[in-house]
> 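Sharing a structure, written as structure tokens. Questions coming.
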Amino acid sequence: MNFIQELQWRGMIQDIMPGTEEQLKKEMTCAYVGFDPTADSLHIGSLVPILLLVHLQKAGHKPIALVGGATGMVGDPSGKSEERNMLSEDELNKNIIGVKSQLEKFLNFDSTLPNAAEITNNYEWFKTISFLDFIREAGKHITVNYMMAKDSVKKRLESENGMSFTEFTYQLVQGYDFYWLYKNKNCKLQMGGSDQWGNIVTGTELIRRKSGGEAFAFTCPLIKKADGGKFGKTEKGNIWLDPNKTSPYHFYQFWLNASDSDAFNWIKIFTFLTESEIQSLITEHEINPSERKLQKKLAQELTIFVHGEKEFQKAVETTEKLFSNTKAPAESLSVEDLNSIEGIVKSEFDKNKMVNGVDLLSFLSENNIFESKGAARKMIQNGGVSINRQKVSDPNMNVGLDHLLHDCFMLIQVGKKNYYLINVL
RNA sequence: GGGCAGUUACCAGAGUGGCCAAAUGGGGCGGACUGUAAAUCCGCUGUCUUUCGACUUCGGUGGUUCGAAUCCACCACUGCCCA
């Protein structure tokens, strides 16, 4: 199965330019994907483009990950209904460093390979181009009419927010990247999310008009949840690839919590399992959906891919302690169990303050489980707080030493899935 | 430079002198049901607070008034149209 066929059955191809498959069959082809340095870490939304590169390299082609140091200074209007805030150069530099170091984990850069991966930053070539050079070199070849016909531009022209010249220029800047890579690295293919189609095509157009060359492209569908919700967001915000921003446990939990219909699609897109492996997983899942084999496998594969085997094991351990036997009394968790739980929020509390009992509301807000007593009160009244797996009903209650597990712990739950472990010393 | 429209909570959007902490929808959070799912139903959603209440909010600043998101003046920003 070739690269394109592989992606096709996985549902990872949305639009594809004619001739792309032939080009890939013909020779080892260099292809690139751009990553926006909008934060100092990538989040799971970037996983799909990363996977495109990984699949590409596996198929024997050469991947380039481009970090948009220059394009990040402009701001991509695609899919945005409003003008973006510009990042300061400091922030941008910080972000570029973060993003780069993450990308390095997923690709093989071994320079003895003919298809060794590369990372570039388009600031490298843009920093020396003057504005006049650019409008003569790039701008002259693309008409405004052409640029305005793009969806991303059209939508913004119709909206009441309008669009700055800066963002309007974005597609040209990105298009020039492709041209530059084509010229200097013989890069003939650009991949990306389907929202990038317009920008990508401007690139192939620029290559055609400036050098008469032929370049190719395809895009993958943007990941959505089956219920139409945003992908990759939870109550805590984005799911990041950086373990300091999203712990491996929370990362694992995110995938574990996928709905059935999402899991069906995601397992194909986000794992490297073969078609038949996936087919049998789906069959098993359908026999007994409550086991959630699909979700478990999905979460496993991804946690290992992003954080490694060891972190995956820890995430599973924590998950089992917290969820495998939720009806069991909290005492069934040993001191060791509690001590070794990783990834959940932990804090410490002074035992002396507890000897005479502390009122629960102050206790919860002092431990930063809630921002204020009022918030804690509301949540308790809504039935959303448990101590040591016992639901709390009286907001005015006191907690004291008799609430401690093994004389030193309190396990607090907000909702079903948010755990806090307080070590009382 | 001229004309017009607008700026309300996370978003969209109603409100046009007191009954407004501000309708409604979406989103978010919590609960019930369940499989740590989906769908559905219920509650919460400015801040603080012992339900009382206090405080801060409707682009900004001043003013009119017993009382302003609402009226007036000026300013700022945004969009559309004309030059």
Side-chain angles (χ1 to χ4, degrees), chain A residues 79-85 155-165 167-168 224-239 249-267 281-282 284-300 303 315-328 341 343-344 358-366 369-387 389-398 411-420:
Chain A
K80 304 280 188 312
S81 59
E82 274 179 35
E83 184 85 10
R84 274 194 348 192
N85 291 327
K155 272 190 198 133
R156 286 284 291 277
L157 290 177
E158 284 160 11
S159 89
E160 50 176 46
N161 296 312
M163 171 183 228
S164 69
F165 177 71
E167 285 196 4
F168 178 62
K224 279 213 205 89
K225 294 204 285 181
D227 62 12
K230 279 173 249 135
F231 168 73
K233 297 265 168 124
T234 65
E235 62 271 28
K236 306 228 161 41
N238 274 323
I239 305 291
Y249 163 75
H250 285 294
F251 184 88
Y252 178 79
Q253 282 284 320
F254 172 80
W255 299 103
L256 193 63
N257 276 298
S259 71
D260 287 5
S261 46
D262 286 335
F264 285 128
N265 296 323
W266 293 356
I267 192 116
L281 266 172
I282 289 178
E284 280 183 65
H285 180 89
E286 278 170 339
I287 293 169
N288 189 355
S290 67
E291 268 200 56
R292 294 179 307 138
K293 283 215 167 119
L294 260 183
Q295 283 92 335
K296 282 181 186 164
K297 190 69 182 170
L298 177 69
Q300 175 186 351
T303 309
V316 173
E317 274 173 40
T318 300
T319 295
E320 277 173 2
K321 283 172 197 162
L322 296 178
F323 291 100
S324 66
N325 207 355
T326 38
K327 300 259 159 40
I341 284 178
I344 66 169
V358 193
D359 77 279
L360 179 61
L361 295 176
S362 312
F363 181 75
L364 291 174
S365 58
E366 273 174 42
I369 293 172
F370 290 98
E371 295 203 356
S372 68
K373 291 198 213 175
R377 171 179 297 276
K378 272 181 192 160
M379 188 57 83
I380 293 169
Q381 281 167 342
N382 271 318
V385 177
S386 300
I387 296 178
R389 292 198 175 150
Q390 295 271 316
K391 192 156 280 187
V392 175
S393 53
D394 177 14
N396 298 315
M397 74 179 276
N398 279 307
L411 187 65
I412 312 248
Q413 264 169 285
V414 178
K416 278 182 201 142
K417 299 174 191 173
N418 306 302
Y419 283 90
Y420 299 83

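In what follows, every chain begins at residue 1, and chains take the letters A, B, ... in the order their sequences are listed. Just so it is clear, the model here is predicted, and its values are computed rather than measured.
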> Would you check if A:Phe254 and A:His250 make a side-chain contact, meaning some heavy-atom pair closer than 4.5 Å?
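Counting from C-beta outward, A:Phe254 and A:His250 never come under 4.5 Å.
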> Quick one: label A:Ala263 by what it contacts on the DNA or RNA (base, sugar-phosphate, nothing), any heavy atom closer than 4.0 Å.
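Contact class for A:Ala263: none.
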> Between B:rU36, B:rC48, B:rG35, which nucleotide has the shortest distance from any of its atoms to the side chain of A:Gln295?
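The answer is B:rG35.
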> Check the phosphate of B:rG30 against A:Asn418, side-chain N and O only, distance under 4.0 Å to OP1 or OP2. Yes or no?
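Indeed, a polar side-chain atom of A:Asn418 lies that close.
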> Could you measure between the two P atoms, the one in B:rC55 and the one in B:rU49, and give it in whole Å?
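After rounding to an integer number of Å, I get 16 Å for this pair.
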> Between A:Ser324 and A:Lys321 (side chain of the first, backbone of the second, donor and acceptor by atom type, cut-off under 3.5 Å), is there such a pair?
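The answer is no, because no donor-acceptor pair under 3.5 Å joins these two groups.
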> Identify which one of A:Ile369, A:Ile412, A:Asn398 satisfies the side chain to side chain contact (heavy atoms under 4.5 Å, CB included) criterion when paired with A:Phe363.
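The side chain to side chain contact (heavy atoms under 4.5 Å, CB included) with A:Phe363 is passed solely by A:Ile412 among A:Ile369, A:Ile412, A:Asn398.
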> Quiz question: going by heavy-atom distance under 3.5 Å, is there a donor-acceptor pair between the base of B:rU34 and the side chain of A:Lys416?
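Answer yes: a donor N or O sits under 3.5 Å from an acceptor.
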> When you measure from the side-chain N and O atoms of A:Ser261 to the phosphate of B:rA38, is any distance below 4.0 Å, counting only OP1 and OP2?
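For B:rA38, neither OP1 nor OP2 has a side-chain N or O of A:Ser261 closer than 4.0 Å.
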> Answer with base, sugar-phosphate or nothing: what part of the nucleic acid does A:Gly383 contact at a heavy-atom distance below 4.0 Å?
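If one applies the 4.0 Å heavy-atom cut-off, A:Gly383 turns out to touch the sugar-phosphate alone, with no base involved.
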> Of A:Glu291 and A:Gly374, whose closest RNA chain B nucleotide lies nearer the 5' terminus?
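Result of the comparison: A:Glu291.
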> Please evaluate the base of B:rG35 for a donor-acceptor partner in the side chain of A:Asp260 within a cut-off of under 3.5 Å?
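Indeed there is one.
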> May I ask you to say what A:Gln253 touches in the nucleic acid, namely base, sugar-phosphate or nothing, with a heavy-atom cut-off under 4.0 Å?
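Result for A:Gln253 = base.
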> OP1 or OP2 of B:rC29 sitting under 4.0 Å from any side-chain N/O of A:Lys417?
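The answer is no; no side-chain N or O of A:Lys417 sits under 4.0 Å from OP1 or OP2.
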> For atom CD of A:Glu284, decide whether the heavy atoms of other residues, nucleotides or ligands shown that lie under 6.0 angstrom number more than 12.
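For A:Glu284, atom CD is crowded (more than 12 foreign heavy atoms under 6.0 Å).
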> Regarding A:Lys391, tell me which of base, sugar-phosphate or nothing describes its non-hydrogen contacts under 4.0 Å with the strands shown.
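The answer is sugar-phosphate, as A:Lys391 gets under 4.0 Å only of primed atoms, P, OP1 or OP2.
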